[in-house]
Amino acid sequence: RLRKWQERIRTKDAGERNLQFALSETDRMASSLAIPRSVREVACVMYRRALDEDLIRGRSIEGVATSTLYAACRMEGIPRSLEEVAAVSRVERKEIGRTYRYVAQELGLEMEPVNPKKYVPRFCSELELSEEVQAKANEIIDTTTEKGLLSGKSPTGYAAAAIYAASLLCNEKKTQREVSDVAQVTEVTIRNRYQEQIEAMGIH
Amino acid sequence: MTDPKDTINIENVVASTGIGQELDLQSVAMDLEGADYDPEQFPGLVYRTQNPKSAALIFRSGKIVCTGAKSTDDVHESLRIVFDKLRELQIQVNEDPEIVVQNIVTSADLGRNLNLNAIAIGLGLENIEYEPEQFPGLVYRLDEPEVVALLFGSGKLVITGGKKPEDAEHAVDKIVSRLEDLGLLE
DNA sequence: GCTTTAAAAAGTAAAAT
DNA sequence: ATTTTACTTTTTAAAGC
C-alpha cells in the first residue's frame, strides 16, 4: 500500500510536470488557430480537470490537450472542426475525436451537436463575403434544418453548402473549390448538401 | 403501420467454440484450401465457408470464432463444415463442441425520419453520444437488454451486442416507446 | 491498447472514370 | 462532374505483442 501511494504521488507529480508542457502546447495550437485567450483558459481548466480525474492515463498529453481545446471552442460557441485542430496538432484526427468523446463523457460536459450557423461568420469572413450572404446562409440553415435535413450531417459540410448557395443567391459567387478550402470539406460534400438544401428551399 | 419489430433483420452472428485439440496451424494452412494464415499479422488462421457464407478464425489452441453468418442456424452449419474439413485433415474434433453465440448484429426500420438533435436532448445528452462530425449515427446504450443501438436520420437503426435474437426485439420495443413518450416519433 | 473477421446503418473522403 | 472504393461508429470472441 505504501508502494501504491508512492506510485500515485509519482504519477501525480509527473502529471503536474507535464501540465506545463500541455498548457504550452494548448497555447501554441490556439495561437496558430487564432483562438481567443478566454477560450484557451477554458481549455486549460478542462485539461486540469482531466488530469485531476486521472483521464490522461493511457492517452497522449498532446491528444488530451488538443481534445480539450476542441471542446472548449465548441463550448464557447466558436467551434473549430476536427480537421482544423488536427492540422496544428501532432495527433491525428481520429485519435483527437475519440479522446474528445472520452473526455466529454467522463467530465460530463453534455456537449450539444454543433449548430452549422456557428461556422458561418468565420468562413464568410475568410471568403470576404458580405453580411447579406451570412444572413442568407443562416436562413438556409434554419429553414432546411426545420425540414429535417440536418440529422446525421457534418456541421462544416452543411455550413459550407449553405454559404455556397447564399453566395450564388446574393451575386457574390464563390466557387465550390474556394468554399471547400476554407471549410476543409470536399467539393463533393458541398455539391451533395447544396442540392438537398436548394431543393428543400424551393429554389431552382 | 408496419410494426418496427417486423423489420428486424439479423445481419451478423458471432460465435465461439473449440475442437478440444491443439493445432499446428502451419500444416493446416498447407492442407486446407483457401486458408489465410499470417502469424506475423494475426495469430489466427482465416477460413471462409461459402454456403452459408461466413469466416472462421482458427487458433493454435483449437478454439474457433465464427463470424458473418446471418442466423444462429447458419453459425452451426458453417462450423459443421469447418469441423468436417478439419476431420478430413485427420484432426480429431470433439463430437458436438459447444457453440456459444457472443454477439448478434441486427438492423431495423422505425419507418419515419428522426430528428437526431431532438432525440439527443430528449434521451439526455449524458445517455447518448451523437457526433455527426465523426459519425452520422446516434449511439444509445440500453441497460435492459444490454445492447447498443445506432439510430440514423432515416429512421433505420442497428442493434448490436445482444446474445439472443429476442434482445433486438426488446430493444426496438424500448426505443419505440421511449421515442413515443418523448413525442419524437411522428 | 493493437492486430483480424463479419455485418448493418449513412456520411464523408479519395481516387478513378 | 459522377461513380467506385474505402473508411468512420458499434459489438464480440480468439492469441500474442
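Order of the sequence lines sets the chain letters (A, B, ...), proteins ahead of strands, with each chain counted from 1. Hydrogens, waters and symmetry mates are skipped; everything else that's a heavy atom, side chains included, is used.
Of the candidate nucleotides D:dA15, C:dA8, C:dT5, C:dT5 has the atom nearest to the side chain of B:Thr67. Between C:dA8, C:dT12, D:dA13, one nucleotide has an atom nearer to the side chain of A:Thr189 than all others, and that is C:dT12. In this structure, of C:dA7, D:dT9, D:dA13, it is D:dT9 that holds the atom nearest to the side chain of A:Arg101. For B:Ser154, taking side-chain heavy atoms from C-beta onward, the closest of the listed nucleotides C:dA7, D:dA13, C:dA9 is C:dA9. In the set D:dA1, C:dA9, D:dT11, the nucleotide with an atom closest to the side chain of B:Val105 is D:dT11. Distance from the side chain of B:Leu57 is smallest to C:dT5 among D:dT10, C:dA7, C:dT5. Of the candidate nucleotides D:dA14, D:dG16, D:dT10, D:dA14 has the atom lying nearest to any side-chain atom of B:Phe42. Set against C:dG11, D:dA15, D:dT12, the side chain of B:Asn103 has D:dT12 as its closest nucleotide. Of the candidates C:dA6, D:dA15, D:dT9, D:dA15 carries the atom nearest the B:Lys63 side chain, counting heavy atoms from C-beta on. Counting only heavy atoms from C-beta on, A:Lys94 has its side chain closest to D:dT9 among D:dT9, D:dA13, C:dA6.
Computed from coordinates, the A:Gln195 CD to C:dG11 P distance equals 15 Å when rounded to whole Å. Note: CG (B:Asn9) to P (C:dA6) measures 19 Å, nearest angstrom. Note: CD1 (A:Ile190) to C1' (C:dA13) measures 13 Å, nearest angstrom. Between B:Ile104 atom CD1 and D:dT11 atom P there is a gap of 16 Å when expressed in whole angstrom units. The distance between atom CG of B:Asp36 and atom P of C:dT4, rounded to the nearest whole Å, is 13 Å. As rounded to whole Å, 14 Å separates atom P of C:dA9 from atom CD1 of B:Ile159. Between the C1' atom of C:dG11 and the OH atom of A:Tyr194 lies a distance of 21 Å, rounded to the nearest Å. Summarising the geometry, the separation between CD on A:Glu95 and C1' on D:dT8 is reported as 14 Å, rounded to the nearest angstrom.
The gap from the P atom of C:dA8 to that of D:dT2 amounts to 27 Å, rounded to the nearest Å. Rounded to a whole angstrom, the distance from the P atom of C:dT3 to that of D:dC7 is 12 Å. Comparing the same atom, P, in C:dG11 and in D:dT12 gives a spacing of 26 Å after rounding to whole Å. The same atom, P, is picked in C:dG1 and in D:dT9; the two are 13 Å apart, to the nearest Å.
Using a 4.0 Å heavy-atom criterion, one finds that B:Arg141 contacts the sugar-phosphate atoms exclusively. A:Gln176 comes within 4.0 angstrom of the backbone, heavy atoms only, and of no base. Note on B:Val147: nothing from the nucleic acid sits closer than 4.0 angstrom, heavy atoms only. Nucleic acid contact for B:Gly137: none, since no nucleic acid atom lies under 4.0 Å from a heavy atom of the residue. Using a 4.0 Å heavy-atom distance criterion, B:Ser61 is classed as a sugar-phosphate-only contact. Across all strands, A:Gln184 comes closer than 4.0 Å only to sugar-phosphate atoms, never to a base (heavy-atom distances).
Neither OP1 nor OP2 of C:dG1 sits under 4.0 Å from any side-chain N or O of A:Arg59. OP1 or OP2 of C:dA8 has not a single side-chain nitrogen or oxygen of B:Lys156 nearer than 4.0 Å. Proximity of B:Ser107 to the phosphate of C:dA9: no side-chain N or O atom is located under 4.0 Å from OP1 or OP2. Of the side-chain N and O atoms in B:Arg60, none sit less than 4.0 angstrom from OP1 or OP2 of D:dA14. Here B:Gln134 does not reach the OP1 or OP2 of C:dG11: none of its side-chain N or O atoms lies under 4.0 Å away. Note on A:Arg193: a side-chain N or O is less than 4.0 Å away from OP1 or OP2 of C:dT12.
In summary, B:Asp24 and B:Arg60 do not engage in a salt bridge, as defined by a charged side-chain N under 4.0 Å from a carboxylate O. Salt bridge status for A:Lys136 with A:Glu132: absent, with no side-chain N to carboxylate O gap under 4.0 Å.
No hydrogens or angles were tested; on distance alone, nothing pairs the side chain of B:Thr160 with the base of D:dT10 as donor and acceptor under 3.5 Å.
DNA chain C is contacted by both A:Ser151 and B:Asn12; B:Asn12 maps to the nucleotide lying nearer its 5′ end (nearest heavy atom per residue). Heavy-atom nearest nucleotides on DNA chain C were determined for B:Leu157 and for A:Asn192, and the one closer to the 5' end corresponds to B:Leu157. Two residues, B:Phe152 and B:Val14, neighbour DNA chain D, and the one matched to the more 5' nucleotide by heavy-atom proximity is B:Phe152.
A donor and an acceptor atom, one from each side chain of B:Gln92 and B:Arg87, are nowhere located under 3.5 Å apart. Side-chain contact, A:Tyr70 with A:Arg74: a donor N or O sits under 3.5 Å from an acceptor N or O. With hydrogens and angles left out, the side-chain atoms of A:Ser81 and B:Glu133 include no donor and acceptor closer than 3.5 Å. Side-chain atoms of A:Thr144 and A:Arg193 form no donor-acceptor pair, as typed in the model, at a separation below 3.5 Å. Judged by distance alone, the side chains of A:Glu112 and B:Tyr130 never bring a donor and an acceptor atom under 3.5 Å apart.
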query: Yes or no on salt bridge (Lys or Arg N to Asp or Glu O under 4.0 Å) for B:Lys5 and B:Glu169, after CA distance, side-chain angles and deciding distance?
result: CA-CA 6 Å; B:Lys5 273 196 294 186; B:Glu169 299 190 8; 5.1 Å; no

